[in-house]
Amino acid sequence: MTLRARFAPSPTGYLHVGGARTALFNWLLVRKEGGVFVLRIEDTDRERSSEEHTRAILHGLEWLGMDWDEGPFFQSQGLERHKAHALQLLDSGSAYRDFSTPEEAARDREEEVAAGGRSRRARQRADAMSPEEVAARMEAGAPFAVRFRVPDGETAWEDGVHGEVRFRNQEIDDLVILRSDGTPTYNLAVVSDDVDMKITLVLRGDDHLSNTPKQILLYEALGRPVPAFAHVPLILGPDGRRLSKRHGAMAVGDYEKQGILPEAMFNFLAFLGWSPGDDREVFARQELVEAFSLERVLRKSAIFDLEKLRWLNGQHLMRMPTEELLPKVEARLREEGVLPAKGGPAEGAAAAATDPVPLDLPTLVELLKPRSRTVEELVAQARPYFLDELAYDPDAVRKHWLKDRQETLGRLENLLERLSAAEWTPEALEGAVRGLAEEMGVGAGKVIHPLRVALTGVAASPGIFDLLMLLGRARSLQRLQRAVAVLRSGKPLDFRGDETLS
RNA sequence: GCCCCCAUCGUCUAUCGGUUAGGACACCACUCUUUCAAGGUGGAGAGGGGAGUUCGAUUCUCCCUGGGGGCACCA
């Protein structure tokens, strides 16, 4: 029998990491086994469901690279079938009409709380009612709910991650399957849908563990084959509590915005509650499909560790071919206005005016890749290379320029002269810089650091010779000239605020 | 309160009765080095408590404790 698994989120919020991880385990298993992945949107809570959330969930799945084979189906479309199933249970005696008033229901509830167990009061009232009275009430249009008659005994199943789990049926309430307004409730709808979609494996969050016996009982009463169940542990926040808004970003889309790569998020999520059993950590999607197995899913809930996600993202970033990364970086640079908008009026003209020799973006990305953990970080580091008027970072200036302003000026002037005369190759540039340092009787760093600040405005960057090559002769010399001019001017440089000097 | 699930470094995890309890993130050194990363080397850091089974328990059983989830005419 082919595996048919499903992901069934309710669109009452965005796709959160817990849901995404559940979807991911389903997806991995299905792709590994060659099964069918069904997507179903459980939108029967009309109050809280929204189309916007549905779109966000679909987008989140697509972003993570999880495609589905069937659906999306909408639970609200199955209303008639749900009712039919409820009626079938009523006909077979597995369910009964409950005419209880709200007051009676409230009293039952109190009684159960006090007794610490199920009272089955509603069932007793229903059973005490003669068929004639039931008919009369229905004739009169009295409202009633349909309740499932939980049989005596025990319900157990072999859970895909927990092993055998069992519940005493007396712990299970005679659940309402059809409300007095005729709408189906969750457990009935889920079972009806899973039956309809021929689902063979229900893999979901641990929070559904206690729904499972109810649902198994429903399958059995409906005379339908019971699917396999597997309950994966929940993902907790850093404080060990259930992940919630308090913990900040919990929607997958939030991480997309932060510049997390989908393949890193995918990798990270897979490792929450699962591990391949060896020391490998960085996996591509396909590698995860091959390595995944339900047997290695942990029973223990895991805490979402943002730092590890960031590290993993850096690993994926480094490994990602530059051609692949380039469009993402370019798009962000355009959004930031660092690069002219694509197709915008300024694109050709502005670029020509300010950028006689366009910066080699692929090389820049190559240089910045191992220095960034997220696309956002990379973009932030890339920024200065496109700015004609550098903002000099006060800390960098203080450290590398102002310890001895005159001496720095002298070195940079000297450097300007040497570099102007140098052939623009890495070897020649290095020779010029090191030669100068040697002649001046100082370490190469004494020349290199001030130069770095002149070229980038900051204290941290890729190697200085890579930098000179990247920026090119004209741009490098122009920046150096500006630094010399600024230093000569005597303007104060070590203040925060508007650091842009023109 | 009742039911269910869970329990190895701060975090993610390996271990399927016998290990100096391994790896990764983070942290701290050192190293490479023109800075920052990346990389390399090293360090610190864990079996919640108590019984039992066993020649031997992190591993199996039970109890306690702790954490989580669930107890709706929500999903």
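The shown structure was predicted, so the numbers you read here are calculated from the model rather than taken from an experiment. Atom set for the values below is all heavy atoms of this structure, side chains included, hydrogens, waters and symmetry mates excluded. Every chain is numbered from 1, with letters handed out A, B, ... down the list of sequences.
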Can you check the [X] [atom1] to [N] [atom2] distance for me, whole Å?
X: A:F283; N: B:A24; atom1: CZ; atom2: P; answer: 15 Å
X: A:Q75; N: B:A75; atom1: CD; atom2: P; answer: 8 Å
X: A:L269; N: B:C25; atom1: CG; atom2: P; answer: 19 Å
X: A:Q315; N: B:A38; atom1: CD; atom2: P; answer: 9 Å
X: A:L468; N: B:U35; atom1: CG; atom2: P; answer: 16 Å
X: A:R383; N: B:C36; atom1: CZ; atom2: C1'; answer: 20 Å
X: A:D193; N: B:A75; atom1: CG; atom2: P; answer: 12 Å
X: A:D239; N: B:G10; atom1: CG; atom2: P; answer: 17 Å

Determine the contact category for [X]: base if any of its heavy atoms lies under 4.0 Å from a base atom, sugar-phosphate if only primed atoms, P, OP1 or OP2 are that close, otherwise nothing.
X: A:I464; result: base
X: A:S10; result: sugar-phosphate
X: A:G240; result: sugar-phosphate
X: A:F465; result: base
X: A:L236; result: nothing
X: A:S461; result: base
X: A:L175; result: nothing
X: A:N211; result: base
X: A:G273; result: sugar-phosphate
X: A:A459; result: base
X: A:P462; result: base
X: A:T44; result: sugar-phosphate

* **Lys NZ or Arg CZ of A:R21 over A:F25 ring: under 6.0 Å, within 45°** =>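 Because its charged atom sits under 6.0 Å from the ring centre and within 45° of the axis, A:R21 does stack over A:F25.
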* Kindly give the heavy-atom pair with the smallest separation between A:L203 and A:N26, and that separation in Å. =>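 A:L203 and A:N26 have their closest heavy atoms at O-ND2, 3.0 Å.
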Less than 4.0 angstrom between a side-chain N/O of [X] and OP1 or OP2 of [N], yes or no?
X: A:R452; N: B:U33; result: no
X: A:R241; N: B:G68; result: yes
X: A:R373; N: B:A37; result: no
X: A:H162; N: B:C6; result: yes
X: A:R48; N: B:A75; result: no
X: A:S210; N: B:C71; result: no
X: A:R310; N: B:C25; result: no
X: A:R242; N: B:G67; result: no

* Counting only Watson-Crick or G-U wobble pairs whose two distances fall under 3.5 Å, which nucleotide matches B:G1? ->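 When the pairing criteria are applied, B:C71 turns out to be the nucleotide that pairs with B:G1.
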* Watson-Crick/G-U partner (both atom distances under 3.5 Å) of B:U11 ->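 Pairing partner: B:A24.
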hbond_proxy [X] side chain to [N] base (donor-acceptor, 3.5 Å cutoff):
X: A:R299; N: B:C5; result: no
X: A:T185; N: B:C73; result: no
X: A:K308; N: B:A26; result: no

* Can you say whether the rings of A:Y219 and A:F229 are parallel (under 30°), tilted (30 to 60°) or perpendicular (over 60°)? ->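 If you compare the ring of A:Y219 with that of A:F229, the planes turn out perpendicular.
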* To do: Could you label the plane-to-plane angle of the A:F144 and A:F99 rings as parallel, tilted or perpendicular, counting under 30° as parallel and over 60° as perpendicular?
  =>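 Rings of A:F144 and A:F99: tilted, 30 to 60°.
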* Where each residue is assigned the nucleotide of RNA chain B containing its nearest heavy atom, which of A:E307 and A:A460 is assigned the position nearer the 5′ end? ->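 Per heavy-atom nearest nucleotide, the more 5' residue is A:E307.
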* **Residue mapping more 5' on RNA chain B - nearest nucleotide basis, A:R371 or A:S275** =>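 With A:S275 and A:R371 compared, the 5'-side residue is A:S275.
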* Between A:R107 and A:S119, a side-chain donor and acceptor under 3.5 Å ->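 Not at all, the side chains of A:R107 and A:S119 share no donor-acceptor pair under 3.5 Å.
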* Indicate whether any N or O donor in one side chain lies under 3.5 Å from an N or O acceptor in the other, for A:Y255 and A:N313. =>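 Not at all, the side chains of A:Y255 and A:N313 share no donor-acceptor pair under 3.5 Å.
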Expressed in whole Å, how much space separates the [atom1] atoms belonging to [N] and [M]?
N: B:G47; M: B:U34; atom1: C1'; answer: 47 Å
N: B:C25; M: B:A44; atom1: C1'; answer: 15 Å
N: B:C5; M: B:G45; atom1: P; answer: 36 Å
N: B:A24; M: B:U8; atom1: C1'; answer: 15 Å
N: B:U15; M: B:U58; atom1: C1'; answer: 8 Å
N: B:U65; M: B:A26; atom1: P; answer: 38 Å
N: B:C12; M: B:A75; atom1: P; answer: 33 Å
N: B:G70; M: B:G48; atom1: P; answer: 26 Å

Heavy atoms from C-beta onward define the side chain here; which of [options] lies closest to that of [X]?
X: A:R296; options: B:A37, B:C73, B:A14; answer: B:A14
X: A:E281; options: B:C5, B:A14, B:A24; answer: B:A24
X: A:E171; options: B:C6, B:C2, B:G70; answer: B:C2
X: A:D305; options: B:U13, B:C25, B:A37; answer: B:C25
X: A:D45; options: B:G69, B:A75, B:C4; answer: B:A75
X: A:L234; options: B:A72, B:G69, B:A24; answer: B:G69
X: A:R168; options: B:C73, B:A37, B:C4; answer: B:C4

* Evaluate the criterion side-chain contact (heavy atoms from CB on, under 4.5 Å) for residue pair A:D43 and A:T54; output intermediate values, then yes/no. => CA-CA 9 Å; A:D43 59 343; A:T54 300; 5.8 Å; no
* Test side-chain contact (heavy atoms from CB on, under 4.5 Å) on A:V379 and A:R383 and set out the steps. => CA-CA 6 Å; A:V379 166; A:R383 229 164 183 280; 5.8 Å; no
* **A:R81 and A:V195, any side-chain heavy atoms less than 4.5 Å apart** =>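 No; the side chains remain at least 4.5 Å from each other.
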* Measure from the ring center of A:F268 to the ring center of A:F304 and say whether it is less than 6.0 Å. =>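 Ring centres of A:F304 and A:F268 closer than 6.0 Å.
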